[in-house]
Amino acid sequence: MKIDLLDSVLDGTGMTPELAKLEIAVALYRDRKVGMGRAACLAGMPRLFFQRELGSRGVTVDYDVEEFEEDLRSIKKLMPR
């Protein structure tokens with residue numbers, strides 16, 4: 001899906017299109033409409049940076065066993081053998 005925002009919508013807000021995407025992603029995650037991965041993708045940033053952004057805004061980050069196991073797999077891929 002593609003969403004077009006008219007420049008007039010953002011005029012006077014000081015928001016760039018990138019910041020608008022971040023705001024939408026944070027709101028969707030905060031309201032539990034999308035998960036962390038999708039929200040980070042929507043925001044156009046790596047998941048870790050998105051998590052930090054959520055923390056700076058006081059948004060509670062859900063971290064379940066599945067996400068923990070995914071992180072462990074990622075770490076193992078980065079570790080030298």
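- Annotation: side chain to side chain contact (heavy atoms under 4.5 Å, CB included) contacts of Leu28 (sequence neighbours excluded): Ile24, Lys33, Val34, Leu42.
- The two residues Met15 and Ala20 make their nearest non-hydrogen contact at CE-CA, 3.3 Å.
- Residues satisfying the salt bridge (Lys or Arg N to Asp or Glu O under 4.0 Å) test with Glu23, not counting sequence neighbours, are Arg57.
- For the pair Tyr29 and Ala39, the tightest heavy-atom approach, listed with the atom from each and the gap, is CB-CB, 3.9 Å.
- If you take CD on Gln51 and CE on Met36, they are separated by 4.5 Å, rounding to the nearest 0.5 Å.
- By the salt bridge (Lys or Arg N to Asp or Glu O under 4.0 Å) test, Asp62 is found to be paired with Arg32, residues two or more places apart in sequence or in another chain being considered.
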